[in-house]
Novice: 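This structure is in structure tokens; I'll ask about it shortly.
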Amino acid sequence: MDWGMKNRLSRIFRPETGRTLMLAIDHGYFLGPTSGLEEPYETVKDLLPHANSLMLTRGVLRSCIPPETDIPIVLRMSGGTSILRELSAEGLTVAVEDAIRLNASAITLSIFVGEEGERETLLNLARLIDAGQEHGIPVLAVTAVGKNMNRDARYLGLACRISAELGAHMVKTYYCEGFEEIVRNTPVPLVIAGGKKRPERDALQMASDAIQCGASGVDMGRNIFQSDSPVGMIKAVRSIVQENRGVKEAFEIYQEEKASSPALEPQPA
Ligand code: R5P
């Protein structure tokens, strides 16, 4: 692995711990307007000091994030579908030259194993890895879940192993029962997505369970930015990922921050 590739990976996974807290705000690429991301910079500006990297699309990066911002970027390179149609029909949407221009520390796309778009999304992953290898940019494979897919160890383990076999430098998947087997069968770092918003304590429990099973971090979005205390939540998740704190202690961090901040304005219906 060359110096540039290693350097970029060390910007994502903190060298002190080998773990990352990636803040995901790329949801609009297929969901369109997403609750909590109406004004992306307003949402993330107080969260960025606590995140290790930021995952987003080039449109939001260019339009909303000041270029002076000091955060490693994980750039979404796939899309072309919407929640209204077949999600697995994603293609590559960004040239690697533009990712370099945007100073991305890593590039990412979704694969849909077991869905109509399986072959095309896996070949796109291979193409993106070739481009990443050429330019020293690591690739994060996102094991996306189609409308009819089960988030179980058999399916997710299959998708993770295939990603690693194709050469992905890191893989994002979902936490599930038997997660430690997925970690054992995937010879590159795994991070977990948060999924839909759930009660704060449950989300912290999931992050903790994943770390205990060997995950190298989280790539979390809605469970942070849709929380009633996004700063409290990101601090709590960070304490689990980077400081090995337990769920009880992390939940107290969230509660303390929530108590010390003014209540969020109710959103108009
Ligand atoms: C989904 O494909 C997106 O890449 C999100 O970044 C990912 O699901 C993580 O966000 P969340 O924690 O909200 O699921």
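Worth knowing before you read on, the calculation uses all heavy atoms, side chains too, and leaves out hydrogens, waters and symmetry mates.
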Novice: Taking the side chain as C-beta and beyond, is there a heavy-atom pair between D219 and T108 under 4.5 Å?
Specialist: no

Novice: When hydrophobic residues are tied together by side-chain contacts of less than 4.5 Å, even through go-betweens, does L123 share a cluster with V96?
Specialist: no

Novice: Looking only at atom types and distance, does a side-chain atom of T69 sit under 3.5 Å from a main-chain N or O of P66, one as donor and one as acceptor?
Specialist: yes

Novice: To check you understand the geometry: which heavy-atom pair defines the closest contact between A168 and A141, and what is its length?
Specialist: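 Shortest heavy-atom separation between A168 and A141 comes out as CB-CB, 3.9 Å.
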
Novice: Excluding sequence neighbours, so at least two apart, what forms salt bridge (Lys or Arg N to Asp or Glu O under 4.0 Å) with R58?
Specialist: D98

Novice: Tell me, yes or no, whether the heavy-atom count around R127 atom CZ, taken from other residues, nucleotides or ligands under 6.0 Å, exceeds 12.
Specialist: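 Yes.
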
Novice: Is it true that K45 and E39 make a salt bridge, defined as a side-chain N closer than 4.0 Å to a carboxylate O?
Specialist: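 Salt bridge flag = no for E39 with K45.
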
Novice: Do you reckon L56 sits in the same ILVMFWY cluster as F30, going by side-chain contacts under 4.5 Å, direct or chained?
Specialist: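 Linked, L56 and F30 end up in one cluster.
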
Novice: Which residues pass the side-chain contact (heavy atoms from CB on, under 4.5 Å) test with K6, not counting sequence neighbours?
Specialist: M1

Novice: Quick one, D209 and F179 - any side-chain contact, counting heavy atoms below 4.5 Å?
Specialist: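 When only atoms from C-beta onward are counted, F179 and D209 do not touch, as no gap falls below 4.5 Å.
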
Novice: Check for a donor-acceptor pair, side chain of T186 on one end and backbone N or O of V183 on the other, with a separation under 3.5 Å.
Specialist: no

Novice: Does the pair V191 and M170 meet the rule for a side chain to side chain contact (heavy atoms under 4.5 Å, CB included), with working shown?
Specialist: CA-CA 8 Å; V191 295; M170 46 196 162; over 6 Å; no

Novice: Under a 4.0 Å threshold between the charged nitrogen and the carboxylate oxygen, would E97 count as salt-bridged to R101?
Specialist: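 E97 and R101: not salt-bridged.
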
Novice: Of all heavy-atom pairs between L102 and R62, which one has the smallest distance, and what is that distance?
Specialist: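 Smallest heavy-atom distance, with atoms named: CD2-CG, 3.7 Å.
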
Novice: Pair R222, T34 - check side chain to side chain donor-acceptor pair (under 3.5 Å), show working.
Specialist: CA-CA 9 Å; R222 289 163 288 184; T34 304; over 6 Å; no

Novice: Looking at E200 and K197, is any side-chain nitrogen of the basic one under 4.0 Å from a carboxylate oxygen of the acidic one?
Specialist: yes

Novice: Determine whether M77 and L122 fall in the same hydrophobic cluster, where Ile, Leu, Val, Met, Phe, Trp and Tyr are linked whenever their side-chain heavy atoms lie under 4.5 Å apart.
Specialist: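 Yes, M77 and L122 fall within the same hydrophobic cluster.
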
Novice: I want to check something: taking the side chain as every heavy atom from C-beta on, are L21 and H50 in contact at a cut-off of under 4.5 Å?
Specialist: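 Counting from C-beta outward, L21 and H50 never come under 4.5 Å.
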
Novice: About how many Å separate OG of S229 and NZ of K235, when rounded to the nearest 0.5 Å?
Specialist: 8.5 Å

Novice: Is there a donor-acceptor pair closer than 3.5 Å between any side-chain N or O of T43 and the backbone N or O of G36?
Specialist: yes

Novice: Return the CD1 to CZ distance between I73 and R8, rounded to the nearest 0.5 Å.
Specialist: 13.0 Å

Novice: Where is the tightest heavy-atom contact between S10 and P15, given as atom of each residue plus distance?
Specialist: O-CD, 3.5 Å

Novice: What pairs with T93 under side chain to side chain donor-acceptor pair (under 3.5 Å), at least two apart in sequence or on another chain?
Specialist: none

Novice: Please confirm whether the backbone N or O of P72 pairs with a side-chain atom of S105, one donor and one acceptor, at under 3.5 Å?
Specialist: no

Novice: Using atom types as modelled and distance alone, determine if a side-chain donor or acceptor of T143 lies under 3.5 Å from a backbone N or O of K172.
Specialist: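 It does hold such a pair.
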
Novice: Under the side-chain contact (heavy atoms from CB on, under 4.5 Å) test against N52, which residue among R19, R238, M22 passes?
Specialist: R238

Novice: Check for me, please, whether I129 and I162 land in the same ILVMFWY cluster - side-chain distances under 4.5 Å, paths through other members count.
Specialist: yes

Novice: Work out which heavy atom in C176 is nearest to a heavy atom in L156; give both atom names and the distance.
Specialist: SG-CD1, 4.0 Å

Novice: For the side chain of S227 and the backbone of N223, is there at least one donor-acceptor N/O pair under 3.5 Å apart?
Specialist: no

Novice: Any side-chain to backbone donor/acceptor pair from N185 onto E181? Under 3.5 Å, distance only.
Specialist: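 Checking the backbone N and O of E181 against the side chain of N185, a donor-acceptor pair under 3.5 Å is found.
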
Novice: State, yes or no, whether a side-chain contact exists between V44 and I65 at a heavy-atom distance under 4.5 Å.
Specialist: yes

Novice: Is a donor on one side and an acceptor on the other found under 3.5 Å between the side chain of H169 and the backbone of V139?
Specialist: yes

Novice: Less than 4.5 Å apart, side chain to side chain, heavy atoms only: is that true for L109 and T121?
Specialist: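 They are not in side-chain contact.
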
Novice: Could you check whether any side-chain N or O of Q226 sits under 3.5 Å from a backbone N or O of S35, counting only pairs where one atom can act as donor and the other as acceptor?
Specialist: yes

Novice: Walk me through it: do L23 and M220 pass the test side chain to side chain contact (heavy atoms under 4.5 Å, CB included)?
Specialist: CA-CA 5 Å; L23 176 62; M220 197 175 263; over 6 Å; no

Novice: Take E90 and Y29 through the side chain to side chain contact (heavy atoms under 4.5 Å, CB included) test and state the conclusion after the steps.
Specialist: CA-CA 11 Å; E90 280 191 10; Y29 91 94; 2.5 Å; yes

Novice: Just wondering, are more than 12 heavy atoms of other shown residues or ligands nearer than 6.0 Å to CD in E243?
Specialist: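 Result for CD/E243: enclosed.
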
Novice: Work out which heavy atom in F112 is nearest to a heavy atom in L87; give both atom names and the distance.
Specialist: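 Closest approach of F112 to L87, heavy atoms only: CZ-O, 3.6 Å.
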
Novice: Please determine whether side chain to side chain contact (heavy atoms under 4.5 Å, CB included) holds for the pair S239 and N244, giving the CA-CA distance in whole Å, both sets of side-chain angles, and the decisive distance to 0.1 Å.
Specialist: CA-CA 6 Å; S239 77; N244 291 316; over 6 Å; no

Novice: Do I224 and Y174 sit in one hydrophobic cluster, given that two such residues count as connected whenever their side-chain heavy atoms are within less than 4.5 Å of each other, even indirectly?
Specialist: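 Yes; Y174 is reachable from I224 via cluster members.
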
Novice: Enter the distance from Q205:CD to K248:NZ here, rounded to the nearest 0.5 Å.
Specialist: 13.5 Å

Novice: Looking only at the side chains, is there a donor atom on one of S78 and R76 sitting less than 3.5 Å from an acceptor on the other?
Specialist: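 Per modelled atom types, S78 and R76 side chains form a pair under 3.5 Å.
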
Novice: What about H27 and F225, are their ring centers closer than 6.0 Å?
Specialist: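 Yes, they do, as the ring centres are separated by less than 6.0 Å.
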
Novice: For the pair E165 and R161, find out whether any cationic side-chain nitrogen is under 4.0 Å from an anionic carboxylate oxygen.
Specialist: yes

Novice: Could you tell me the separation between the CD atom of Q242 and the CZ atom of R14, rounded to the nearest 0.5 Å?
Specialist: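 If we round to the nearest 0.5 Å, Q242:CD and R14:CZ are 7.5 Å apart.
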
Novice: Is there side-chain contact between V188 and S163, with heavy atoms separated by less than 4.5 Å?
Specialist: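 Side-chain contact under 4.5 Å: no.
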
Novice: Distance check, rounded to the nearest 0.5 Å: R184 atom CZ versus E180 atom CD?
Specialist: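 Atom-to-atom, R184:CZ and E180:CD are 9.5 Å apart.
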
Novice: Taking side chain as C-beta onward, heavy atoms only, is V237 less than 4.5 Å from V241?
Specialist: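 Contact flag for V237/V241 side chains = yes.
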
Novice: For the residue pair V171 and C160, what are the closest heavy atoms and their distance?
Specialist: CG1-SG, 3.8 Å

Novice: Quick check: does any side chain N or O of E134 sit under 3.5 Å from a backbone N or O of G132, one acting as donor and the other as acceptor?
Specialist: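 Absent.
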
Novice: Given side chains that start at C-beta, do those of L140 and I107 come closer than 4.5 Å, heavy atoms only?
Specialist: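 Not touching, per the 4.5 Å side-chain cut-off.
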
Novice: Just how far is it from atom OH of Y175 to atom CD1 of I192, taken to the nearest 0.5 Å?
Specialist: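 The CD1 atom of I192 is 8.5 Å from OH of Y175, to the nearest 0.5 Å.
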
